[in-house]
Number of protein chains: 2
Amino acid sequence: MQLMSERGAAGGGLRERKKRATRAALAEAAVRLAAEHGAEKVTVEAISAAAGVSVRTFFNYFETRDDAFVVIDADAGARMRAAVLDAPPGLPPLEVLRGALAAEIAEAEQQHELWRLHAEVLHASPHLLARGVGAHMAAEAELAEAIAERLGDTGGLYPRLLAAVAGTAVRISMDHWSAHQEEAAFLDVFHEVFSLLAAGLPAPPA
Amino acid sequence: MQLMSERGAAGGGLRERKKRATRAALAEAAVRLAAEHGAEKVTVEAISAAAGVSVRTFFNYFETRDDAFVVIDADAGARMRAAVLDAPPGLPPLEVLRGALAAEIAEAEQQHELWRLHAEVLHASPHLLARGVGAHMAAEAELAEAIAERLGDTGGLYPRLLAAVAGTAVRISMDHWSAHQEEAAFLDVFHEVFSLLAAGLPAPPA
DNA sequence: GTGCATCTTTGCATACCATGCAACTTATGT
DNA sequence: ACATAAGTTGCATGGTATGCAAAGATGCAC
């Protein structure tokens with residue numbers, strides 16, 4: 001059996017597939033090792049060995065060691081961009097983002113175990129959680145651009161704020177959920193956060 | 001003349017004052033060098049030399065090189081905590097944060113030039129902007145705790161979300177302002193962002 | 001299927017980041 | 001002035017990250 005068709009990844013060539021496989025192997029090895037030993041104690045050498053490539057190759061795929069713990073899917077940005085531009089015209093921008101992110105997350109959550117480990121690793125190393133924002137900053141900028149395009153407000157403050165707040169929402173949702181996995185599904189937390197945002201973060205009922 | 005009383009820092013001992021001075025010198029050197037040469041090209045050695053201490057001493061003050069570009073004031077957290085707890089009881093939490101942050105920023109903005117350079121450095125190196133969130137994550141957690149205490153909602157989702165969104169607001173405000181310094185004062189941008197948040201991020205008028 | 005062009009991987013050299021430790025210098029309290 | 005505590009420094013060490021050139025795959029044309 002061939003393990004083809006990873007994730008919308010019928011990408012024709014053998015090269016493409018191999019690259020995807022290597023990247024995925026590195027990311028997965030990183031998360032598993034971090035979940036077991038703590039992210040700080042996992043060296044690039046260990047990750048590379050677990051994935052069966054050289055250290056130098058690791059750095060061909062990730063700019064920094066931390067990126068391996070953080071980057072989930074390379075072309076999530078493109079998908080979300082499309083989702084934002086395709087959403088029904090009347091929908092409030094915050095709702096558009098809620099929808100696009102929820103879809104993306106539902107996708108990622110398919111790989112139950114890895115998603116859970118991922119959340120736990122990030123929860124255990126807050127600095128990685130922050131880095132998550134950084135790594136997805138490109139995605140954030142891309143999102144902002146898509147929103148700007150949708151609204152015709154290019155270069156404005158609003159699209160960037162919206163994208164950044166959405167990123168923050170995901171970050172806080174993951175962190176909170178990973179500490180309360182028993183009590184609620186991730187998507188429930190996520191939707192609660194967005195509801196709070198849409199309501200203007202009102203004081204909760206005492 | 002003695003250069004005493006830096007910033008609420010009449011801290012009695014000579015040791016205290018020297019430490020504050022060294023820390024400030026390192027942070028300032030870092031920002032000035034980064035503004036001139038780009039943050040990525042500034043080595044710890046250069047920063048240390050400019051501040052007149054050894055490399056090893058640099059790392060006695062900052063955990064990582066990037067922290068020197070990011071950490072503004074060590075005890076801002078404590079001040080904000082106090083501000084949050086002292087705010088009038090009826091005020092909505094988001095307004096409490098707006099006030100506490102605005103006061104803190106107004107303070108930092110006293111040093112015009114440094115504040116401007118700081119914003120420019122962060123704008124030029126987005127990864128530092130993200131790290132800013134990370135470095136202030138301790139502050140964020142502290143803020144969250146103060147809010148939680150104020151609301152009696154310890155460990156809940158809401159305080160953490162509020163603190164995180166507030167941090168994001170500062171980040172986006174700085175970034176946007178540093179790119180549009182001519183058009184508006186920083187505090188104007190900041191207040192506009194908070195108004196958007198309080199209104200639930202509604203679609204802007206087309 | 002042979003052979004050339006292209007892309008990827010790899011090892012090596014190099015520079016920088018970060019930490020522990022021990023020796024040394026400088027404040028502080030009495 | 002003295003003993004103690006605190007801060008600074010150099011050295012050694014190990015991990016992170018990049019450029020470069022050689023070797024190994026893959027894709028493509030013929």
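Order of the sequence lines fixes the chain letters, A, B, ..., with proteins taken first and strands second; residue numbering starts at 1 for each chain.
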Pair listing, salt bridge (charged side-chain N to carboxylate O under 4.0 Å, His left out) test, anchored in residues 52-61 of chain B, at least two apart: none
Pairwise salt bridge (charged side-chain N to carboxylate O under 4.0 Å, His left out) hits with a residue in residues 172-190 of chain A, at least two apart: Asp175(A)-Arg160(B)
Just to be sure I understand the geometry, which residues of residues 48-61 of chain B put a non-hydrogen atom under 4.0 Å away from DNA chain C? Arg56(B), Phe59(B)
Could you identify which residues of residues 34-47 of chain A place a heavy atom less than 4.0 Å from some atom of DNA chain C, listed by residue number, or say none? none
Please indicate whether Gln181(A) has more than 12 foreign heavy atoms, meaning atoms of other residues, nucleotides or ligands, lying under 6.0 Å from its CD. yes
Under the ring-ring contact (aromatic ring centres under 6.0 Å, His included) test, residues paired with His123(B) that sit two or more places apart: none
Taking side-chain contact (heavy atoms from CB on, under 4.5 Å) as the test, write out the residues that go with Glu63(A), two or more places apart. Asp67(A)
Taking only residues two or more places apart in sequence or in another chain, which ones pass side-chain contact (heavy atoms from CB on, under 4.5 Å) with Ala50(A)? Ala29(A), Leu33(A)
With sequence neighbours excluded, residues passing side-chain hydrogen bond (donor to acceptor under 3.5 Å, both in side chains) with [X]:
X	value
Glu36(B)	none
Glu109(A)	none
Ser48(B)	none
Glu28(B)	Arg32(B)

Whole-Å gap separating [atom2] ([N]) and [atom1] ([X]):
X	N	atom1	atom2	value
Phe62(A)	dT8(C)	CZ	P	15 Å
Arg65(B)	dT19(C)	CZ	P	14 Å
Asp66(B)	dC17(C)	CG	C1'	10 Å
Leu26(B)	dC17(C)	CG	P	14 Å
Asp67(A)	dT16(D)	CG	C1'	12 Å
Phe69(B)	dC17(C)	CZ	C1'	12 Å
Arg20(B)	dG7(D)	CZ	C1'	16 Å

Could you tell me whether a side-chain N or O of Tyr158(A) sits under 3.5 Å from a main-chain N or O of Ile147(A), the two making a donor and an acceptor? no
Readout for nucleotides 21-30 of chain D: B = base within 4.0 Å of protein heavy atom, S = sugar-phosphate only, - = neither; 5' to 3' it is ----BBS---
